[in-house]
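Reviewing the structure listed below.
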Amino acid sequence: MLPPPYYNDDKNSFAYSTVHKRWPTIIQGAIDDVQETIASNKEQLQDSGSIILDQLKQVLSDMEHDAKVRQFTPNEISINSHLSHFNKSLEKFNRNKLVTWQTGPWLYLECYLYQLINNFFIDKKQDKFWQSYDVFQKLKTKTFKQSEFGVFELCKRYETLSHQLNQVTADSETLYLLFAEFIDISLWGNATDLSLLAGNVTLEDIKSLQGAEVRQKNEEKIIVNDLKQAWEKSGLSSKGAERRIDIVLDNSGFELFADLILCLFLLDSQLASEIHLHCKEIPWFVSDTMPKDFRDLLDQLKDGQFFPKIHKQDSSAIQLIHDQIAKYNKENKIIIDHSPFWTLDYNYWSISQFDSLFEELTKSNLIIFKGDLNYRKLTGDLQWPKTTPFSEAIQDLKDSGLTILSLRTCKADVVVGLPEGLEERLVKEYKDEGNGNGQFWSSSGKWAVISFNK
Ligand code: F6P
Ligand code: MG
């Protein structure tokens, strides 16, 4: 029998503060955004915009009053047919216990919420302007703009690397160390925590005590680390082959930038010959990457006004990165993919039901799942004992033939694969740091896991 999911009324779960604080703040942010947009073009957008505003306010009120979560209507399903699956799931959950906003299953309701909001905009009866509107766009752009320092650091690191890769043929050991470094960058990009990025590191440094020490320090916070296994078992350690890597992306902006730096390293070093980036089709969990966010990022890297300090100080590295990404994209070595599957309420064990996506992914040598939400969907967001093996928590994926690597900073309750006794130690450590409930270590974003299954 499977463990139950996390529920919104569990005060020991991060779900509780999510439904009481985070979601209302996010919805209020969406209301403010729409209001601002209407104000910029009242004549065209006032009437259509106020329909959306009323709908958003209704969701906020339902949440605050702990209303029963309703089925999507036939009209809503005619706007987006995928929503019928949400109704089936809701029916099942309701059989157990009536689903309300403040008591229902966390992950299901979070997915439901973003689909519900999306439907307000894409309705064909709406003004065309709103149909492709991303209500989180302004926030995405603003946050990325504030990451200028981190972007600069990464630009310099990549510039140094690319000179070195041109000059020397790195041996397998060095390649693994570099792989581990760029995976680290991509992993912690998920926490937008830049403290890990030590300045310029040479190929020699990487092998030196200092490089090892820096990574060692970071590694302490990576409480499950299957990277070496992933390197060996996904065939990366053997040279010269045509190799496809897939990345199921998480957030746009800085995290996407860090992921693209990883892509450049993988392609430059010929560890990969082709990389597929999987995006969301709708605005999702605020900052997740949609295909247009990839294009926006390329424009932002080129735009001297977007990162003025970088362009003023030293624009060569950012220019190089922009050009390399654009080149690989044009040559179909960085490919932007998308599927509705990523924004449904299925956990990822059901992926084989999505024939064309599944078939595509079976062609991959390694599928990297980025971030917290992807991890929750890989493990079903169930209340697994924390010592459950990752291979068990991903259920049908275990023997699906897909080679899975999850890079995740822990920002929710579910964590698996921990050795005996570690959970208890972390609860104590987090409590001793002055946090009331030690169990929230797993949603603090301070720890990370790198979990692998072939
Ligand atoms: O931590 C709150 C939350 O909204 C979770 O519900 C979700 O899993 C996470 O943030 C999103 O994080 P990420 O962008 O890493 O998937
Ligand atoms: Mg995200």
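Both ligands and their constituent atoms are indexed starting at 1 by order of listing. As the structure is a prediction and not an experimental result, all values here were calculated from the model.
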Do ligand 1 and Asn374 have nitrogen or oxygen atoms that lie under 3.5 Å from each other?
->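 It does not: no N or O of Asn374 is found under 3.5 Å from an N or O of ligand 1.
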
Of His82, His85, Lys377, which is the lone residue that meets side-chain hydrogen bond (donor to acceptor under 3.5 Å, both in side chains) with Asp345?
->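 Going through the options one by one, the only one that passes is His85.
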
Closest approach of any protein heavy atom to [atom], naming residue and atom:
atom: atom 9 (C) of ligand 1; answer: Asp372 OD2, 3.7 Å
atom: atom 16 (O) of ligand 1; answer: Leu373 N, 2.8 Å
atom: atom 3 (C) of ligand 1; answer: Arg22 NH1, 3.5 Å
atom: atom 13 (P) of ligand 1; answer: Asp250 OD2, 2.9 Å

Do Tyr133 and Phe120 have ring centroids that are under 6.0 Å from one another?
->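 Between Tyr133 and Phe120, which both carry aromatic rings, the centre distance is not below 6.0 Å.
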
So is [X] in contact with ligand 1, going by heavy-atom distances below 4.0 Å?
X: Glu255; value: no
X: Asn190; value: yes
X: Tyr375; value: no

On the 0 to 90° scale, with breaks at 30° and 60°, tag the [X]-[Y] ring pair as parallel, tilted or perpendicular.
X: Phe72; Y: Phe86; value: perpendicular
X: Trp342; Y: Phe369; value: perpendicular
X: Phe390; Y: Tyr375; value: parallel
X: Tyr112; Y: Trp101; value: perpendicular

Begin from the C-alpha positions of Tyr158 and Phe265 and carry the test ring pair (Phe, Tyr, Trp, His ring centres under 6.0 Å) through to its verdict.
-> CA-CA 8 Å; Tyr158 175 71; Phe265 161 70; 9.1 Å; no

[X] neighbourhood, listing ligand 1 atoms whose heavy-atom distance to it stays under 4.0 Å:
X: Glu110; answer: 4 (O), 6 (O)
X: Asn251; answer: 14 (O)
X: Phe14; answer: 1 (O), 2 (C)

Check the side chains of Asn80 and Asn118 for a donor-acceptor pair under 3.5 angstrom, ignoring hydrogens and angles.
->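 Note: Asn118 and Asn80 side chains miss the donor-acceptor criterion.
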
Can we say Asp296 and Lys140 salt-bridge, meaning some charged N sits less than 4.0 Å from an Asp/Glu carboxylate O?
->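 Salt bridge flag = no for Lys140 with Asp296.
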
Near the Mg ion (ligand 2), which protein N/O/S atoms fall under 2.8 Å?
->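 Result, waters dropped: Asp250 OD1, Asn251 OD1, Asp288 OD1.
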
Whether Lys411 side chain and Gly371 backbone form a donor-acceptor pair below 3.5 Å =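 No.
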
Counting only heavy atoms not in Lys92, do more than 12 sit closer than 6.0 Å to its NZ atom?
->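 No, because the 6.0 Å sphere around NZ of Lys92 holds 12 heavy atoms or fewer from other groups.
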
Does NZ in Lys97 sit with more than 12 non-hydrogen atoms of other residues, nucleotides or ligands closer than 6.0 Å?
->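 Yes, the 6.0 Å shell around NZ holds more than 12 heavy atoms from other groups.
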
May I ask which of Lys377, Arg376, Lys411 has a heavy atom nearer to atom 6 (O) of ligand 1 than the others do?
->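 Considering heavy atoms of Lys377, Arg376, Lys411, the nearest to atom 6 (O) of ligand 1 sits in Arg376.
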
